[in-house]
Amino acid sequence: MLIDDDLQQLWLREAVLRASSFEVVRAASCEAALSLLRSLPSASQPEAIITDRLSAGAVGVEFVLELRSVNPHAPILVLNRLARPEPEYDGLNVTFLDNPCSPDQLIQLLNETFAGQLV
């Protein structure tokens, strides 16, 4: 799942992920993402969630906690402009990636994330 309130970034990242053979479900706001997640059966939940730290409708760890209430297991990749993540994210299975990030960095991190799930 890809979440970003910047539609240009959302579409660009979606195109990059699809070009790398990832299936993508997208949402342009935190509310839309949570609504979509709540409507999906457990078997159809996304295997990873990518979001900007400051998306419309929620900020930072509060949004991650809401995501965790709906999908407790999917790794969450947070695009972040901070030098270091806050300690509130500890234990929430969140990986941070500098924003902006290159398409190659995003694909590499997703591949590493999925490889780690197979172990």
Side-chain angles (χ1 to χ4, degrees):
M1 173 174 261
L2 183 60
I3 308 161
D4 201 322
D5 59 341
D6 180 333
L7 295 181
Q8 185 176 14
Q9 286 298 317
L10 183 67
W11 295 329
L12 178 63
R13 288 188 180 119
E14 178 183 15
V16 166
L17 294 172
R18 287 188 188 279
S20 295
S21 301
F22 288 101
E23 291 182 35
V24 179
V25 175
R26 67 180 178 334
S29 71
C30 297
E31 295 84 8
L34 290 168
S35 177
L36 180 59
L37 286 171
R38 287 183 181 117
S39 73
L40 294 172
S42 295
S44 298
Q45 288 287 318
E47 295 178 50
I49 299 169
I50 303 167
T51 184
D52 188 35
R53 185 179 170 278
L54 301 172
S55 291
V59 177
V61 73
E62 294 88 9
F63 180 51
V64 171
L65 290 170
E66 288 187 68
L67 287 172
R68 283 286 165 243
S69 73
V70 179
N71 186 324
H73 304 293
I76 298 175
L77 309 178
V78 176
L79 301 168
N80 184 27
R81 288 189 174 101
L82 299 176
R84 294 179 39 196
E86 295 94 342
E88 292 87 12
Y89 288 95
D90 291 348
L92 294 175
N93 193 15
V94 174
T95 302
F96 289 88
L97 186 62
D98 290 337
N99 191 14
C101 69
S102 73
D104 290 339
Q105 289 173 307
L106 182 59
I107 298 304
Q108 179 181 349
L109 184 56
L110 272 176
N111 285 330
E112 290 170 1
T113 297
F114 289 127
Q117 288 179 348
L118 298 175
V119 174

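Computed from a prediction, not measured in an experiment: that's the story for all the values here. Along the sequence shown, the residues carry numbers beginning at 1.
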- Group every Ile, Leu, Val, Met, Phe, Trp and Tyr by side-chain heavy-atom contacts under 4.5 Å, then state whether Leu12 and Ile107 land in the same group. no
- Message: Assigning hydrophobic clusters by single linkage (Ile, Leu, Val, Met, Phe, Trp, Tyr; side-chain heavy-atom cutoff under 4.5 Å), is Leu65 placed with Phe96?
- Response: yes
- Is the backbone of Ala32 close enough, under 3.5 Å, to the side chain of Ser35 for a donor and an acceptor to pair up by distance? no
Distance from [X] atom [atom1] to [Y] atom [atom2], nearest 0.5 Å?
X: Ser20; Y: Leu110; atom1: OG; atom2: CG; answer: 9.0 Å
X: Leu2; Y: Ile49; atom1: CG; atom2: CD1; answer: 11.0 Å
X: Ser42; Y: His73; atom1: OG; atom2: NE2; answer: 8.5 Å
X: Asp104; Y: Leu109; atom1: CG; atom2: CG; answer: 12.5 Å
X: Leu10; Y: Ile50; atom1: CG; atom2: CD1; answer: 10.5 Å
X: Gln9; Y: Leu79; atom1: CD; atom2: CG; answer: 8.5 Å

- Message: Between Leu77 and Leu97, does the side chain to side chain contact (heavy atoms under 4.5 Å, CB included) criterion hold? Intermediate values first, please.
- Response: CA-CA 7 Å; Leu77 309 178; Leu97 186 62; 5.9 Å; no
- Query: Do Leu34 and Leu67 come close enough that some side-chain heavy atom pair is under 4.5 Å?
  - Reply: yes
- Message: For a 4.5 angstrom cut-off between non-hydrogen side-chain atoms, does Ile76 reach Arg68?
- Response: yes
- Task: Begin from the C-alpha positions of Gln45 and Asn71 and carry the test side chain to side chain donor-acceptor pair (under 3.5 Å) through to its verdict.
- Result: CA-CA 7 Å; Gln45 288 287 318; Asn71 186 324; 3.2 Å; yes
